[in-house]
Structure formats: structure tokens, C-alpha cells
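Here is the structure we will look at.
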There are 2 protein chains.
Amino acid sequence: MGQDKVSAVARPPKDNSPITEHLAYLLAQANREINRQLEMRLSKEGVPVEQWRILKVLSDGNGHSMGELADAVLLNHPTLTKMVDRMVSDALVYRVQDPKDRRKVLMFVSDRGKALSKRLNSLAVSQEEHIVESYGDKSTNELKRLLESLIDSSN
Amino acid sequence: MGQDKVSAVARPPKDNSPITEHLAYLLAQANREINRQLEMRLSKEGVPVEQWRILKVLSDGNGHSMGELADAVLLNHPTLTKMVDRMVSDALVYRVQDPKDRRKVLMFVSDRGKALSKRLNSLAVSQEEHIVESYGDKSTNELKRLLESLIDSSN
DNA sequence: TTGAAAATATTGAATATTCAACAATTGAAG
DNA sequence: CTTCAATTGTTGAATATTCAATATTTTCAA
């Protein structure tokens, strides 16, 4: 009698499903938790997660415009501008006007920024290793694959 | 020669891997995008995502303490207090002091809040249906399963 | 029973984010 | 070429979030 309960999670949620069955909620919850953990690790260097992202993106050595960078690090423009101001004060990055298009500003990482980036990367990698330990290799890779594909399908 | 490239994503990221290979980044990116979409739908009712969550949790009809609610809706306490203040002004929810433990405040949803909650649920469900359409039934359910299990393994 | 510690919620100040307006430059149509 | 629209980045004001301190109530040990 009744249908099989093949999995705890099935079909799009109904009006009265608990919020924990909504994809949007599960993503927010997982993101919050993982981000909190990463934040704790990075606090050893006194740096917020967003600055790790910025330094990592700039660490390819190329100049990146503010717009490009904002997309890459998941911040909107004014927020990025203000965070970059702070990082310039801390001598982690610097601005150069783009000679090809003088509306643009190209961001570069300084030597000091590169050194910090290395230390932050270690912390971030170690966090992910810790996740893989408790969550498993397969699950981690499968989850990453599905997230990438969700993002692709949303564009 | 070299190892098989079974998947684009393999193993924990190295120091120099692009940021897009980090689980923490993929989660943030996916969450941002899905949240943005949901936000757009809910803007029809002029309500932020967090208020949908609050109304949905309270819609079980039971009283929920602020602490309980803060956990459930992924907000920290002061932020929730202030958002609830607004919702009380809008007559969507109301506070009752818990008679069993007078430190606590129990939150309840009003009739007006219930009505709004219904409309918001429709919008949220329709969003998820839209995701399922482009992303697929199987992927969606598999992703939900993996997210739940990641959250479990992080406690 | 009393007093100290813990739990719960709120407040106000400090900080951060967002929105809308602006300035500068480029692109493109007439 | 000139002008107008689009692009890019920044700024300041409005809004929201967070941190630390506070008030209240409960718990628990002495």
C-alpha cells in the first residue's frame, strides 16, 4: 500500500514539503557550513574567504579587469571595489590602468600577495582534504561534477 | 602515458589548481546562482528569500523559539531578531513568550503570513520545477542526496 | 536556598553590502 | 568628424549584518 519510498528525497517539493527538501535550501545550508569551516581556517591569516578568491584568481599573473574579477570571485562591483581598496592598502594587490581600454583597471597581485596566496592555498587545500576524509572521495567528486553541471545548465 | 583523465574534476585541488576546482567555490557559485533566481521569483511578492524560509518553517503551526528558528533559516540571532521585527510590523508573524521557559520567545505565523506563505511556496516550487526541467530529474535528486549527506558528514 | 554560571533574546555601535547616481572612455550611427 | 548610447569603474547614501555588551530567566552546585 502507498508508493515505494525509494529515497528520502523525491520529486520537486510540494507546497507543504519541509524546507529541507528544497534544492535552494540544501545548497544554502551546505554552502554556509563549508564556508564557515573555510573561514575558520583562513582566519589563521586574518583574511576573509573573498580575499583568498581574489588572490587566487590574480595568481595566474595576468591582469584582470574589475568586472572580470567580480564575476570570478562572486562579488558585485561596488563590494569588490571596496575590498580591493583594502587589499591595496595592505599592499597585496595593485591597480594599473588598461592601456588598450582606458575605462578598465587591471588588477595584479604583488609579491606580498603571492606569498600570502600560497599560505592561503595550503589552508584551503587542507580543508578540502579534510572534507574528502569524512565525506569520501567518490561523493566529493560526484558532488563537484553535479554542481558544475547545475551551473552550466543555469546559463 | 600519464594517468587517465576520467573526469574533468579529480582529487582534492592542488595549490595551483584553478579556484573552480574547489568544492567550497562550486558550492558558493551554485548557491549564488540558484538563490538569485529564487530571489527574482519571490520579488513578485516583494519578499526576501529569508522571509520565505521563516514563513515556511513557522507554517507547521507550532511555536518556534528564536534560536530554533535562527538555525532552521540559516540566519544568526541578531539578524533574525531584526528581520522578525519587520515581519511583525507587517503582521506576518507574532511573538509569544514561552510559558514553560520565560527566556524564550515563541514565534507564530499569522493568517496573513499563512496566506503569503502559500503564494511564496508556489513560486518556490515552480522555480524548482524549472530547474528540474533543464537539469533533469535524476541529477536534481542525486544532487540533493549528496548535499544532505555532505551536511550530515559535517556535524 | 542562595549565588554563580549558562542559556536565550535583544540592542547599539561598528562594519559591510547594496542601490542609484556619477564620471570617464569607447563604440557606432548619422 | 560629431554626437549619443553603451561600457566600465567608483562613490556616497541607504540599508543590512555582525560583534560585543546587556537584560532576563533558568539551572545547578554548594
Side-chain angles (χ1 to χ4, degrees), chain A residues 28-29 31-33 35-40 42-43 46-54 57-58 62-90 92-108, chain B residues 28-29 31-33 35-40 42-43 46-54 57-58 62-90 92-108:
Chain A
Q29 192 181 14
N31 178 53
R32 185 177 159 90
E33 177 60 24
N35 204 60
R36 200 187 51 77
Q37 286 173 17
L38 180 55
E39 198 172 50
M40 278 181 50
L42 299 189
S43 73
V47 160
V49 174
E50 289 78 12
Q51 289 197 19
W52 167 61
R53 291 195 200 130
I54 292 170
V57 169
L58 295 186
N62 302 323
H64 293 261
S65 75
M66 291 295 282
E68 223 186 323
L69 194 53
D71 286 350
V73 304
L74 315 176
L75 292 176
N76 45 23
H77 293 210
T79 304
L80 177 63
T81 291
K82 284 153 192 171
M83 184 160 285
V84 162
D85 286 347
R86 276 168 254 154
M87 295 174 78
V88 169
S89 297
D90 294 343
L92 297 172
V93 299
Y94 56 94
R95 292 175 160 102
V96 174
Q97 194 175 53
D98 186 343
K100 318 267 185 196
D101 181 344
R102 306 211 317 286
R103 287 171 302 183
K104 294 188 183 173
V105 169
L106 297 182
M107 297 302 313
F108 292 89
Chain B
Q29 191 180 14
N31 177 53
R32 184 177 160 89
E33 176 59 24
N35 203 60
R36 199 187 53 77
Q37 286 174 18
L38 180 55
E39 197 172 52
M40 279 183 49
L42 299 189
S43 73
V47 159
V49 175
E50 290 78 13
Q51 289 196 18
W52 166 61
R53 291 194 200 132
I54 292 170
V57 169
L58 295 186
N62 302 324
H64 294 262
S65 75
M66 291 296 281
E68 221 186 324
L69 194 52
D71 285 350
V73 304
L74 314 176
L75 292 176
N76 45 24
H77 292 209
T79 304
L80 178 62
T81 292
K82 285 154 191 170
M83 184 159 286
V84 161
D85 286 347
R86 277 168 252 153
M87 295 174 77
V88 169
S89 297
D90 294 343
L92 297 172
V93 299
Y94 57 94
R95 293 177 161 100
V96 175
Q97 193 174 53
D98 186 343
K100 318 269 184 194
D101 182 343
R102 305 209 320 283
R103 289 171 302 182
K104 294 187 184 176
V105 169
L106 298 181
M107 297 302 313
F108 291 90

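With rounding to whole Å, B:D85 atom CG is found 14 Å from C:dA9 atom P. Straight-line distance from the CG atom of B:D71 to the P atom of C:dA9: 10 Å, rounded to whole Å. In this structure, NE2 of A:H77 is placed 17 Å from C1' of C:dA23, rounded to the nearest angstrom.
Legend: residues meeting side chain to side chain donor-acceptor pair (under 3.5 Å) with A:T79, ordered by chain and number and at least two apart, are A:N76. In terms of the side chain to side chain donor-acceptor pair (under 3.5 Å) criterion, B:R102 has no residue partners (sequence neighbours excluded). Judged as a side chain to side chain donor-acceptor pair (under 3.5 Å), and not counting sequence neighbours, the contacts of B:Q37 are B:E33. Residues satisfying the side-chain contact (heavy atoms from CB on, under 4.5 Å) test with B:A72, not counting sequence neighbours, are B:V57. By the side chain to side chain donor-acceptor pair (under 3.5 Å) test, A:D71 is found to be paired with no residue, residues two or more places apart in sequence or in another chain being considered. Every residue meeting the salt bridge (charged side-chain N to carboxylate O under 4.0 Å, His left out) condition with B:R103, not counting sequence neighbours, appears here in chain and number order: B:D101.
Put simply, A:S65 has a side-chain N or O that comes within less than 4.0 Å of OP1 or OP2 on D:dG9.
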What protein N or O atoms touch nucleotides 13-20 of chain D N or O atoms at under 3.5 angstrom, if any, and at what distances?
{"unit_1": "D:dT18", "atom_1": "OP2", "unit_2": "B:N76", "atom_2": "OD1", "d": "3.0"}
{"unit_1": "D:dT18", "atom_1": "OP2", "unit_2": "B:N76", "atom_2": "ND2", "d": "3.1"}
{"unit_1": "D:dT18", "atom_1": "OP2", "unit_2": "B:T79", "atom_2": "OG1", "d": "3.1"}
{"unit_1": "D:dT18", "atom_1": "O4", "unit_2": "B:K82", "atom_2": "NZ", "d": "2.5"}

Could you pull out all donor-acceptor pairs under 3.5 Å where a side-chain atom in residues 82-89 of chain A meets a protein atom, sequence neighbours excluded?
{"unit_1": "A:D85", "atom_1": "OD1", "unit_2": "A:R95", "atom_2": "NH1", "d": "3.1"}
{"unit_1": "A:D85", "atom_1": "OD1", "unit_2": "A:R95", "atom_2": "NH2", "d": "2.9"}
{"unit_1": "A:S89", "atom_1": "OG", "unit_2": "A:D85", "atom_2": "O", "d": "3.2"}

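For A:L80 against A:A70, the heavy-atom pair with the smallest separation is CD2-N, 3.5 Å.
Of all the residues in residues 95-108 of chain A, A:R95, A:R103, A:K104, A:V105 reach under 4.0 Å from DNA chain D with at least one non-hydrogen atom.
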